[in-house]
Amino acid sequence: MKFMKLGSKPDAFQADGKCIRYVTSDLATDVTFNIGEVKFYLHKFPLLSKSSCLRKLVLKASEECCDEINMVDFPGGPKAFEICAKFCYGMTVTLNAYNVVAARCAAEYLEMTEDVDRGNLIFKIEVFLNSSIFRSWKDSIIVLQTTKSVLPWSENLKIVGRCIDSIASKTSVDPANITWSYTYNRKLSVSDKTAGDRMKFREKIVSVPKDWWVEDICELDIDLYKRVMTAVKSKGRMDGVAICEALKTYAVRWLPDSVDTLDSDVHSWRNKLLVETIVCLLPSDRGFGCSCSFLLKLLKVAILVGVDNSAKEDLLKRISLKLYEASVKDLLIPARPPQTTLYDVKMVLSIVKRYMMHSHDLDVAKNEMGCTDFVLGHGSLLSVGKLIDEYLEEVACDPNLSLASFIDLFQSIPGFARLVHDGLYKAIDTYLKEHPSLTKVERKKLCSLMDVKKLTINASMHAAQNERLPLRVVVQVRSAAGVQPLLDTSHYTTNTDEESEKTAAEDRNSLEKQMSRIKIKEDTFQEKCELAKQSSKNSKSSIQLLPSRSRRMFDKLWGFGKGHADNRSSETSASSQSPTSMVPGDTKSSGSSSRNRMIEWVEQDFTL
């Protein structure tokens with residue numbers, strides 16, 4: 001920290017309690033000044049030789065026969081007045097970043113100018129400010145913080161503006177030329193870390209990251225911080241990434257972590273001002289700089305503290321431009337009354353619609369430029385499609401989420417954004433599980449959102465045994481997976497749901513009887529095989545012949561083609577309970593399920 005010593009005489013100021021200050025001298029004091037609650041018993045001559053203001057006040061007091069002079073609203077209070085008085089006496093006084101602003105404002109109040117005496121206090125303080133304070137990074141920040149206690153004097157003397165300009169100018173200096181100390185407790189950014197890894201050990205020690213200045217200015221109050229950041233941006237030398245890093249660090253420093261503290265009446269006004277200020281300071285280029293995760297966190301806080309609509313609108317626009325970077329956790333925005341859902345699905349739907357509008361405008365611009373590359377043009381859209389399916393799976397657990405909201409969010413993304421429907425299938429299955437009261441029409445409407453042809457083999461295996469899905473959808477899944485249906489399903493596409501369910505039940509009963517008879521025949525074949533093995537040398541060929549006949553009988557009954565026998569185990573091993581596992585052997589033991597019995601019987605007989 002820089003400092004400057006003035007005067008050479010020893011300090012003769014003494015205190016009598018907290019409210020009395022006097023100078024020890026052979027001469028009796030002849031003037032009394034009241035500064036706040038403190039009385040100063042001093043001598044006229046040294047004071048009047050340096051201060052034009054004190055001359056006027058003493059003359060006026062003499063004319064009014066007043067023994068004491070009251071100085072109301074003295075800038076800097078008793079401490080600043082004492083510095084000026086000591087300077088008048090020629091006593092040693094030390095100026096530093098913590099007291100120089102108050103001393104400068106007090107000197108201005110007392111009119112300690114060059115017209116009164118050469119080398120007066122105002123001149124010396126200005127030299128100290130310009131030659132030392134404003135050239136120091138940390139001293140400039142400290143001085144700026146102290147200006148608030150002496151407003152409007154510090155503002156009128158342009159000390160605030162000069163501090164801000166000094167700080168903003170230093171943030172724009174090439175990091176390679178930084179020679180002063182700074183605070184940096186955060187992890188290096190990816191670019192800085194990569195650059196540092198390429199350096200030698202000695203060079204790495206002295207390397208300075210681009211955002212070296214971020215943490216030190218976090219100690220400023222919100223109004224001063226806003227002015228500093230505005231000045232930094234106006235220089236035009238700082239990229240959006242560094243600006244957003246500064247805003248993120250300031251938000252982490254001052255915004256409380258708990259929701260209760262954010263929403264409390266004590267800090268609500270301050271938190272609201274803080275969020276609105278940060279939003280106001282975001283880089284003008286909405287497509288770069290701040291991460292989508294940070295913007296969504298800022299939006300959550302903005303909703304909690306009740307910022308104005310303009311700030312929220314700005315955040316929604318910025319988020320929609322970078323939605324492809326978001327995660328499901330980021331999108332889980334708590335709903336506020338009067339909404340009954342756990343999460344604000346409507347707001348997410350609004351963000352997605354904004355993103356699609358922007359994507360459409362971007363496609364139009366690319367077409368005009370002759371760019372038709374699907375990967376470059378729609379890669380981010382595929383990421384958004386996957387994100388929304390994962391989000392649907394998460395919010396589907398909410399019992400208050402309406403089917404209409406689920407469908408609206410699904411339809412907000414075009415079909416080509418979903419190359420695979422596994423995520424959508426998980427979301428639909430979760431919704432069916434958490435909303436068992438859905439009618440048959442609603443279940444059919446929900447499942448119609450899914451294209452069974454876009455399911456992977458694991459998802460198809462699971463869906464084929466999922467008892468929550470309508471039977472018609474299960475049949476479609478089997479057909480789409482390339483497996484001929486176990487039942488004659490031609491009537492399922494023409495009959496009503498009630499008729500289909502009734503017909504399916506009858507078919508299942510009929511199949512159970514047929515399979516019982518076939519199993520009896522198969523047991524007879526096995527017995528004959530055993531007898532033939534004991535009595536004939538050619539038993540090996542006989543044993544191989546019987547299962548072959550058995551398979552042909554099954555093929556004729558079930559309609560399996562030649563190529564489907566190899567896939568029988570994978571088609572009958574998926575779970576019917578958890579869409580997320582999709583592993584063989586996960587099916588719950590429900591002997592009453594004719595669907596599972598049929599699959600198990602077929603599998604057992606195929607292995608005979």
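No hydrogens, no waters, no symmetry mates; every other heavy atom, side chains included, goes into these values. This chain uses plain numbering: 1 for the first residue, then up along the sequence.
- Using a 4.0 Å cut-off between a side-chain N of Lys or Arg and a carboxylate O of Asp or Glu, D314 and R318 qualify as a salt bridge.
- To the nearest 0.5 angstrom, Y355 atom OH is 10.0 Å from L321 atom CG.
- Between K226 and E276 there is no salt bridge, since no side-chain nitrogen of the basic residue lies less than 4.0 Å from a carboxylate oxygen of the acidic one.
- The local environment of NZ in K300 is crowded, with over 12 non-hydrogen atoms from other residues, nucleotides or ligands closer than 6.0 Å.
- Panel note: side chain H421, backbone D451; a donor-acceptor pair is recorded below 3.5 Å.
- Using a 4.0 Å cut-off between charged side-chain N and carboxylate O, D429 and R468 make a salt bridge.
- In this structure, E394 has no salt bridge (Lys or Arg N to Asp or Glu O under 4.0 Å) partners at least two apart in sequence or on a different chain.
- Taking every heavy atom of both residues into account, A464 and V477 meet most closely at N-CG1, 4.2 Å.
- Side chain of K312 to main chain of V307: no donor-acceptor pair is present (N/O by atom type, distance under 3.5 Å, no hydrogens or angles).
- A donor atom on one side chain and an acceptor atom on the other are not found under 3.5 Å apart for Y250 and T277.
- Within the structure, the side chain to side chain donor-acceptor pair (under 3.5 Å) test picks out the following pairs touching residues 402-412 (sequence neighbours left out): S402-S405.
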Working note: L315 + L282, criterion side-chain contact (heavy atoms from CB on, under 4.5 Å); need CA distance, chi angles, decisive distance, verdict.
CA-CA 9 Å; L315 283 174; L282 290 172; 4.1 Å; yes

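- A salt bridge between E325 and K322 is present, with a side-chain N of the basic residue lying under 4.0 Å from a carboxylate O of the acidic one.
- Between atom CD1 of residue I428 and atom CE of residue M450 there is a gap of 5.0 Å, rounded to the nearest 0.5 Å.
- Using a distance-only test at 3.5 Å, with no hydrogens or angles considered, a donor-acceptor pair links the side chain of S448 to the main chain of K445.
- Separating the NZ atom in K426 from the NE2 atom in H462 is a distance of 10.0 Å, to the nearest 0.5 Å.
- Using a 4.5 Å cut-off on side-chain heavy atoms (C-beta onward), V301 and L274 make no contact.
- Side-chain contact between L342 and V395: absent, with no pair of heavy atoms (C-beta onward) separated by less than 4.5 Å.
- Remark: F406 engages Y431 in a ring-ring contact (aromatic ring centres under 6.0 Å, His included) (not counting sequence neighbours).
- Judged purely by atom type and a 3.5 angstrom limit, H435 has no side-chain atom pairing as donor or acceptor with the backbone of C397.
- Environment of NZ in K346: sparse, with no more than 12 heavy atoms of neighbouring residues, nucleotides or ligands closer than 6.0 Å.
- A donor-acceptor distance shorter than 3.5 angstrom exists from the side chain of W254 to the backbone of C218, with no hydrogens or angles considered.
- L299 CG to I319 CD1: the interatomic distance, rounded to the nearest 0.5 Å, is 4.5 Å.
- Between R472 and K444, the closest side-chain pair of non-hydrogen atoms falls below 4.5 Å.
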Would you sort out whether I333 and V345 count as a side-chain contact (heavy atoms from CB on, under 4.5 Å), showing the intermediate values?
CA-CA 8 Å; I333 304 171; V345 179; over 6 Å; no

Determine whether L403 and L446 satisfy the following criterion, side-chain contact (heavy atoms from CB on, under 4.5 Å), listing intermediate values before the conclusion.
CA-CA 8 Å; L403 179 60; L446 176 63; 3.7 Å; yes

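- Side-chain contact between I303 and M347 is present, with at least one heavy-atom pair separated by less than 4.5 Å.
- Nearest heavy atoms, Y425 versus A463: OH-CA, 3.3 Å.
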Table please: side-chain donor-acceptor pairs of residues 384-391 below 3.5 Å, with sequence neighbours left out.
from	atom 1	to	atom 2	distance (Å)
D389	OD1	R418	NE	2.7
D389	OD1	R418	NH2	3.1
D389	OD2	R418	NE	3.2

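- Counting heavy atoms from C-beta on, the side chains of C244 and S291 never come closer than 4.5 Å.
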Please assess K233 against M238 for the test side-chain contact (heavy atoms from CB on, under 4.5 Å), listing each intermediate value before the final yes or no.
CA-CA 7 Å; K233 293 172 63 179; M238 197 65 60; over 6 Å; no

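- Defined by atom type and a distance below 3.5 Å, a donor-acceptor pair is missing between the side-chain atoms of T341 and N400.
- When all heavy atoms of A417 and L382 are compared, the pair lying nearest together is O-CD2, 3.7 Å.
- Here the closest heavy-atom approach between residue A459 and residue D422 is recorded as CB-OD1, 3.4 Å.
- S327 is linked by a side chain to side chain contact (heavy atoms under 4.5 Å, CB included) to K329, D330, counting only residues two or more places apart in sequence or in another chain.
- Closest of all the heavy-atom pairs between A246 and M229 is CB-CE, 4.0 Å.
- Side chains of N458 and T456: no donor on one and acceptor on the other come within 3.5 Å.
- Side-chain contact between R443 and V473 is absent, with no heavy-atom pair separated by less than 4.5 Å.
- The distance from the CG atom of L247 to the CG atom of L281 is 5.5 Å, given to the nearest 0.5 Å.
- A heavy-atom distance below 4.5 Å is not found between the side chains of L419 and K454.
- If you take CG on L392 and CG on L409, they are separated by 4.5 Å, rounding to the nearest 0.5 Å.
- Checked by atom type and distance alone, the side chain of D211 never pairs as donor or acceptor with a backbone atom of V214 at under 3.5 Å.
- With sequence neighbours left out, the salt bridge (Lys or Arg N to Asp or Glu O under 4.0 Å) criterion links E442 to no other residue.
- Shortest non-hydrogen contact noted between V279 and A311 is CG1-O, 3.8 Å.
- Taking the side chain as every heavy atom from C-beta outward, S460 and V452 never approach each other to under 4.5 Å.
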